[in-house]
Amino acid sequence: MAKKIVMPKLGLTMKEGKIVKWHVKEGDYVKKGQDLFDVENEKLTNTIESPADGKLLKILLEEGGRAPVLEPVGILGEEGEDIGELLERTESAEKVSQKEDKQPKVEPVEREKTSKRIIAAPVAKKLAREKGVDLSRIRGSGPKGRIVLKDVEAFLDRLDKEVAPDPSAKEATEGTDSKPTRILATPLAKKMAEEEGVDLARIAKDGRIRAEDVAEFIKSGAEGGRPSTEDRTMREEMSGMRQVIARRMKESWDRTAPVSYHISVDVTQWVQYRDFLKREGIHVSYTDLLIKLVSKALMVYRVVNASLEGDEVVYHDYVNMGLAVDVDQGLLVPVIGNSHEKSLEEISEEARKAAADARSGNISPDALQGGTFTISNLGMFGIEEFSPIINLPEAAILGVGAIEDMPVVIEGAVVARPIMKLSLTADHRLIDGATAARFLRWIKERIEMPSMLL
């Protein structure tokens with residue numbers, strides 16, 4: 001019996017997903033557990049497997065399309081099975097949804113440009129760019145008004161039919177032949193040629209010159225034309241991950257009163273301590289050491305580990321340490337739960353696994369939830385110091401810079417010492433400057449004298 005394949009709910013906070021890629025084509029037979037499609041959920045991309053054996057009878061949501069969770073994206077069934085009734089129910093539900101969301105529409109040619117994002121398939125964008133067509137003039141026929149290839153092609157055909165011969169077409173003579181040659185061009189082609197400084201007489205074509213002919217002439221670099229800025233500009237839809245990052249960073253900046261505090265730390269003994277651990281067979285990174293140390297500091301300065309919910313301060317009697325990890329197209333923050341209770345070896349193992357899972361895309365959405373504090377280390381990129389943005393609902397975040405040899409004065413003599421800069425961004429609504437300073441000083445003292453931890 002045919003069944004709907006729905007947009008899965010991956011994680012508690014997921015509301016909609018985007019089909020990034022179908023691994024099978026419509027009409028292909030699939031086995032249960034076989035890779036079916038990739039779905040982008042906010043910051044993650046997950047591969048969804050087929051729930052059963054069967055034939056992919058219908059793809060309801062093409063690549064690049066978005067749908068709310070549990071909405072149908074395809075139909076799986078047996079060869080020759082009638083899915084008419086199932087399609088009717090799906091289309092009926094879509095019509096109801098579209099009726100609820102219906103907005104006043106204007107004819108494509110008359111529609112003015114707005115700041116609203118235009119959703120279009122990559123192939124449609126490519127054709128529009130090549131033909132010099134403004135996508136804001138086209139009404140999409142895809143899901144949620146998405147512009148697909150056939151919409152652009154139909155618009156171009158309609159434009160050609162609507163354009164009448166230009167009675168003021170340019171006449172020119174070549175060589176000694178005095179017979180005039182009429183150059184016919186569409187208004188759009190004339191406008192493009194005028195803006196780009198193209199002499200239409202240099203475009204060899206039988207019949208009316210269209211916008212794409214001018215664009216091709218410019219692209220070829222022929223005399224009389226210059227490369228179009230549009231040809232040298234790439235546009236792509238912002239990924240779900242970048243949209244989430246943008247939204248959350250803006251929300252954090254708008255909702256908090258962020259203040260950054262910077263402190264320089266002499267890590268001479270810290271480096272020696274790590275080397276000692278390495279000789280003892282304990283291989284840890286400086287980030288691992290910081291997670292362990294900062295987790296202890298947060299249990300001392302509980303307000304730095306707290307969060308603000310309305311007019312209430314929520315104090316946590318545990319530390320869930322977020323670790324900022326650089327991945328393709330963005331940033332993920334996997335959480336090491338109860339880091340204040342874990343050994344250095346356990347922290348190191350979990351941090352390595354979390355980073356690997358994040359970069360491979362195999363991390364669970366729930367593994368990105370519940371953080372109480374975050375550490376962001378850019379030292380490996382040579383960044384000396386920076387002011388990170390708070391990861392809501394947390395109240396503070398620690399930025400870690402590179403370890404650099406710098407001149408310092410010790411007992412009246414100038415010597416070179418390895419220095420690391422720490423930057424704490426804290427929400428001043430909750431954390432006063434003196435508290436932030438004491439917190440950083442507590443960490444600094446124990447880095448400069450690791451024996452204090454023992």
Side-chain angles (χ1 to χ4, degrees), residues 7-21 38-47 63-69 115-120 122 234-260 287 291 307-309 320-336 351 354-381 383 385-401 423-427:
M7 178 65 69
K9 184 174 179 62
L10 306 172
L12 299 175
T13 61
M14 179 175 174
K15 295 181 179 179
E16 71 168 12
K18 172 183 175 181
I19 300 291
V20 179
K21 178 182 179 181
D38 291 341
V39 59
E40 187 177 75
N41 160 37
E42 293 192 340
K43 289 190 173 185
L44 298 176
T45 299
N46 296 82
T47 299
E63 293 180 358
R66 295 180 180 275
V69 295
S115 58
K116 185 177 180 181
R117 181 168 60 89
I118 298 173
I119 304 175
M234 183 184 76
R235 297 175 184 268
E236 65 177 8
E237 183 180 353
M238 186 183 286
S239 68
M241 179 184 293
R242 285 252 62 97
Q243 291 181 40
V244 172
I245 292 173
R247 184 174 68 249
R248 289 182 177 173
M249 293 300 96
K250 184 66 167 61
E251 180 183 8
S252 175
W253 193 260
D254 290 341
R255 287 177 51 188
T256 63
V259 180
S260 294
T287 300
I291 292 174
S307 56
L308 195 59
E309 295 182 2
N320 286 347
M321 185 64 71
L323 180 61
V325 177
D326 175 50
V327 298
D328 291 342
Q329 295 188 350
L331 185 74
L332 291 178
V333 185
V335 174
I336 301 174
D357 288 346
R359 293 189 176 105
S360 65
N362 294 324
I363 194 167
S364 164
D366 294 332
L368 304 172
Q369 307 295 326
T372 61
F373 188 88
T374 296
I375 291 178
S376 179
N377 190 346
L378 292 180
M380 67 284 293
F381 299 108
I383 299 300
E385 63 179 301
F386 64 103
S387 299
I389 296 179
I390 298 168
N391 186 24
L392 292 176
E394 299 164 16
I397 181 173
L398 184 69
V400 183
S423 302
L424 178 73
T425 300
D427 188 348

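Throughout, numbering of the chain's residues begins at 1 and tracks the sequence.
We find the CG-CZ distance between Asn377 and Phe386 to be 7.0 Å, quoted to the nearest 0.5 Å. One finds the CG atom of Leu368 at 10.5 Å from the CG atom of Asp357 (value rounded to the nearest 0.5 Å). Going from atom OG of Ser376 over to atom CD1 of Ile397 covers 5.5 Å, rounded to the nearest 0.5 Å. If you take CG on Leu323 and CD1 on Ile336, they are separated by 5.5 Å, rounding to the nearest 0.5 Å. Here the straight-line distance linking atom OG1 of Thr256 with atom CD1 of Ile390 works out to 4.5 Å at 0.5 Å rounding. Between Lys15 atom NZ and Met7 atom CE the span is 15.5 Å, to the nearest 0.5 Å.
Taking each heavy atom of Val325 and Ala358 in turn, the nearest pair found is CG1-CB, 4.1 Å. The two atoms that bring Val39 and Gly17 nearest to each other are CG2-CA, 4.0 Å, heavy atoms only.
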* To do: Before giving the answer on side-chain contact (heavy atoms from CB on, under 4.5 Å), spell out for Leu378 and Val400 the whole-Å C-alpha distance, their side-chain angles and the decisive distance to 0.1 Å.
  => CA-CA 6 Å; Leu378 292 180; Val400 183; over 6 Å; no

* Asked: How far apart are the C-alpha atoms of Leu392 and Glu251, what are their side-chain angles, what is the distance that settles it, and do they pass the side-chain contact (heavy atoms from CB on, under 4.5 Å) test?
  -> CA-CA 8 Å; Leu392 292 176; Glu251 180 183 8; 4.0 Å; yes

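Between the side chain of Ser252 and the backbone N or O of Arg248 there is no donor-acceptor pair closer than 3.5 Å. In this structure, the side chain of Thr425 engages the main chain of Pro388 through a donor-acceptor pair within 3.5 Å. In this structure, the side chain of Asp427 does not engage the main chain of Pro258 through any donor-acceptor pair within 3.5 Å.
Annotation: side chain of Glu16 is not in contact with side chain of Val69 (no heavy-atom distance under 4.5 Å).
With hydrogens and angles left out, the side-chain atoms of Glu394 and Thr374 include a donor and acceptor closer than 3.5 Å. In this structure, a donor-acceptor pair under 3.5 Å is present between the side chains of Asp38 and Thr47.
Salt-bridge check for Lys21 with Glu63: failed, with every basic side-chain N at 4.0 Å or more from each acidic carboxylate O.
Scanning for side chain to side chain donor-acceptor pair (under 3.5 Å) contacts around Asp326 gives an empty result, with sequence neighbours left out. For Ser307, the side chain to side chain donor-acceptor pair (under 3.5 Å) partners are His316, not counting sequence neighbours. In terms of the salt bridge (Lys or Arg N to Asp or Glu O under 4.0 Å) criterion, residue partners of Lys250 (sequence neighbours excluded) are, by chain and number, Asp254.
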